[in-house]
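Keep in mind that the numbers below use all heavy atoms, side chains included, and drop hydrogens, waters and symmetry copies. Throughout, numbering of the chain's residues begins at 1 and tracks the sequence.
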Amino acid sequence: MKTATRKKKKYVAFKHLSIQQRLPLFICILLLTIIFAFGWVSYISVRNASVAIGAERVTTLADKLSLMFKESVHQFSASANTVATKKSVKEYLRYPNKADSLNTLQIFQKFLKTDTLNRMVQLLNANKNIVLSAPGNGMRLHVNIDSLKMPSANNAAYMSVGKFVLLNGSMYYPALATVVDKNKTIGYVVSWRALITTQKVIDQFGQLLGGNGRLYFGNDDQQFWTDLVKPVEKPPVDPSKLQQYAQYSRKGGDAVIASMRKIPDSRWLVLVELSGSSFLKTASLFLRWVIVIGVVLVIAGSFGGWLMSRNITKPLKELSRAASAIAEGDYSSPVEIDSDDELGKLAGSFNIMAARVQATQRELEKKVEERSRQLQTAITDINDQKESDRKKDEFISIASHELKTPLTTVKAFFQLAGREIHPQLKSFNIIGNASRQLNRMERLIEDLLDVSRINSGKLQYNFEDFDFQTVLKETIESVQEIFPGHKLILERSVSIIFKGDRHRIEQVMVNLLNNAVKYSPESDKVLISSELHGDKLLVTVKDFGVGIPKKHVNELFGRYYRIDGEYNFQGLGLGLFISSEILKRHGGSIWVKSEPGNGSAFTFQLPLQSA
């Protein structure tokens, strides 16, 4: 809830900005959004293109260097092969003797002098055991011939270069050649060469590679890597990814694009690394230009938006001033805008509107004066009507009270006379008819008194718990005695204890039953039912009489309302009004469904928890 409130406050605060402020702000935001989106998408595209170019370049270099160093491997092996082809070497392997041993050592010494990188030459027999070594200065280097041996179908001579070896801080690698006699391998010549390169040579080679490139060599088991000057850590990436290209960063270094290849006929791997920043330089430069151009565009667009909003808001302010003057009743300040655009047309329309508003105001003032006089007259008539109704209600109340006392006396007189006169006499029936008319008059007077009490808010209610089903049955029986010519049929009823004014609820049911009988002169049946509907008690009284036209239904429960029709029914039109007020006091309601000629069904409902 708090978040929603904050959002609403921000939105309202933005609305308080003027158009002259909002338009430049909108243009600024729009330009920033467009420039950011365009710049970022373009930067990503340029960056990806640069990476693709770098990847293509590094893989091409790796392929070419692999082939180039293959030739170097052959040269290293070829030097060893010159020793392996010497006759004395072969003779010594076939028939070892001291003379051939001396000749072989001389060959080895001469071979070592021809290339200072050759540090030791070893001669191995067919069983791969060292039989001769030069010089014998204590260097302990050994190569696994099986790891270098290439498959050969005819045991032909072959050459190879072995893995790098680190010994006493120096790096060595073996160049191997087989000693073959009559197409049969009888031994091996292993030349151990030192790996010595200066940093200057490495830097020059990096310049040839371009892109701040660096070159690394390693054993194909990934256990040893070198930059040709010193041992280095292996690439921090899965070797399988380097078969194409990979991007990574070494510790303390920049991001690089790298590719790795195996050097044929050797146990070496060559790794080419090109600086990623050299390829991304174009993308970074493009991004800087986009930012610079974007800033210039934002400043220019904001300034242009400010000028535009100023030209727009100036006539709008003039319109606002004129509108404020009109709101205060001053129509003497027309809008003066010398332009043919939309604002000029708006100003012209505004001036016409102001003139019409002024004319309309004057006309309305005249009508208001006239309506005020008519309203004052109507108020006077309403007050007179209220005073007339008050006096009428007061008269009815006083008359009803005054009539009730002599009526009670006359009623008592007829009751005594009825007891004294013999039933066989004609006057007995006359007294009975007179007594019934007195009862009817007593009910009319009681209704008038109830209406007076309702209008004054003095109708008394006595709420108590009672058996609704018992009261319903007793009411039906009492009305049945009064109208023996009709059949009051209780179709269904529900047994429930209801809290309310028993006498008033009974009065409602008596009114409905009396009306059902009265308005059914040609029908002798009335149906009554009560049922529960949720937490409501529904009671329905249905007759088959004359029915009620639809136009009278909405006014049926009004005071003194009677329907004039084919039949002239007696009554004051108070029963339904009183019943409706009693039900409202109990929290209930009443309605009717009727069709002329097919009778009516009155239904009232009462809440089970009555107020």
Side-chain angles (χ1 to χ4, degrees), residues 68-197 217 219 226 228 263-268:
M68 184 180 73
F69 285 113
K70 176 183 177 182
E71 298 299 326
S72 298
V73 166
H74 287 171
Q75 292 178 6
F76 300 152
S77 301
S79 63
N81 193 49
T82 58
V83 176
T85 57
K86 297 295 183 180
K87 182 177 179 180
S88 60
V89 173
K90 295 180 181 180
E91 291 293 334
Y92 180 76
L93 288 174
R94 285 198 303 267
Y95 308 106
N97 56 68
K98 188 174 182 180
D100 291 329
S101 172
L102 293 174
N103 291 331
T104 302
L105 287 174
Q106 288 177 355
I107 293 172
F108 284 177
Q109 294 292 342
K110 185 177 179 181
F111 171 72
L112 292 173
K113 290 179 180 180
T114 59
D115 189 348
T116 58
L117 294 179
N118 291 318
R119 297 301 174 88
M120 185 173 68
V121 182
Q122 294 176 333
L123 181 63
L124 284 70
N125 59 20
N127 295 325
K128 304 165 187 172
N129 296 321
I130 299 175
V131 295
L132 197 63
S133 179
N137 55 2
M139 290 181 62
R140 294 188 178 184
L141 293 170
H142 183 69
V143 65
N144 184 359
I145 299 299
D146 291 333
S147 67
L148 299 177
K149 192 173 181 180
M150 305 296 175
S152 178
N154 54 6
N155 288 325
Y158 69 90
M159 299 175 291
S160 179
V161 172
K163 295 189 293 185
F164 294 103
V165 176
L166 184 65
L167 179 65
N168 298 328
S170 298
M171 294 177 289
Y172 303 90
Y173 60 91
L176 179 142
T178 58
V179 181
V180 180
D181 184 35
K182 298 179 181 180
N183 291 329
K184 181 179 180 181
T185 300
I186 62 174
Y188 305 91
V189 175
V190 180
S191 172
W192 287 96
R193 297 174 59 85
L195 183 61
I196 299 175
T197 308
F217 290 87
N219 295 332
T226 177
L228 301 181
I263 299 176
D265 300 333
S266 74
R267 297 294 301 276
W268 292 358

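The shortest distance between side-chain heavy atoms of Val161 and Leu176 does not fall below 4.5 Å. At least one side-chain heavy atom of Phe217 sits less than 4.5 Å from a side-chain heavy atom of Ile263.
The two residues Arg119 and Ile196 have their closest heavy-atom pair at NH2-CD1, 3.1 Å. Residues Ala84 and Ala177 come closest through the heavy atom pair CB-CB, 4.1 Å.
Atom CG in Asp115 sits 5.0 Å away from atom CG in Leu117 (nearest 0.5 Å). Taking OG of Ser266 as the start and NZ of Lys163 as the end, the distance is 12.0 Å to the nearest 0.5 Å. The CG atom of Leu93 sits 9.5 Å away from atom CD of Glu91, with the distance rounded to the nearest 0.5 Å. Between the OG1 atom of Thr178 and the NZ atom of Lys184 there is a distance of 13.5 Å, given to the nearest 0.5 Å. The distance from the NZ atom of Lys87 to the OG1 atom of Thr104 is 13.0 Å, given to the nearest 0.5 Å.
Tested against Phe164, the residues Tyr172, Trp268, Trp192 include a single ring pair (Phe, Tyr, Trp, His ring centres under 6.0 Å) partner, Trp268. Across Leu123, Ile107, Leu105, Leu102, a single residue satisfies side-chain contact (heavy atoms from CB on, under 4.5 Å) together with Tyr92, and that is Leu123.
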*Please walk me through it: do Val190 and Val121 pass side-chain contact (heavy atoms from CB on, under 4.5 Å)?*
CA-CA 6 Å; Val190 180; Val121 182; over 6 Å; no
*CA sep, side-chain torsions, deciding dist, call: Ile186, Val180, side-chain contact (heavy atoms from CB on, under 4.5 Å)*: CA-CA 6 Å; Ile186 62 174; Val180 180; over 6 Å; no
*Would you sort out whether Asn118 and Arg193 count as a side chain to side chain donor-acceptor pair (under 3.5 Å), showing the intermediate values?*
CA-CA 4 Å; Asn118 291 318; Arg193 297 174 59 85; 3.0 Å; yes
_With side-chain contact (heavy atoms from CB on, under 4.5 Å) as the criterion, how do Arg94 and Val89 come out once you've worked through the C-alpha distance, each side chain's angles and the decisive distance to 0.1 Å?_
CA-CA 9 Å; Arg94 285 198 303 267; Val89 173; over 6 Å; no
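No donor-acceptor pair under 3.5 Å is formed between the side chain of Ser77 and the backbone N or O of His74. Remark: side-chain polar atoms of Lys90 are not paired, donor with acceptor, to backbone N or O of Val179 under 3.5 angstrom. Side-chain N or O atoms of Thr226 include one that pairs as donor or acceptor with a backbone N or O of Leu228 at under 3.5 Å. At distances below 3.5 Å, at least one donor-acceptor pair connects side-chain atoms of Asn125 with backbone N or O atoms of Lys128.
Taking the six-membered ring where tryptophan is involved, the planes of Tyr173 and Phe76 are tilted, since the angle between them lies from 30° to 60°.
The number of heavy-atom neighbours closer than 6.0 Å to CG of Asn97, taken from other residues, nucleotides and ligands shown, is above 12.
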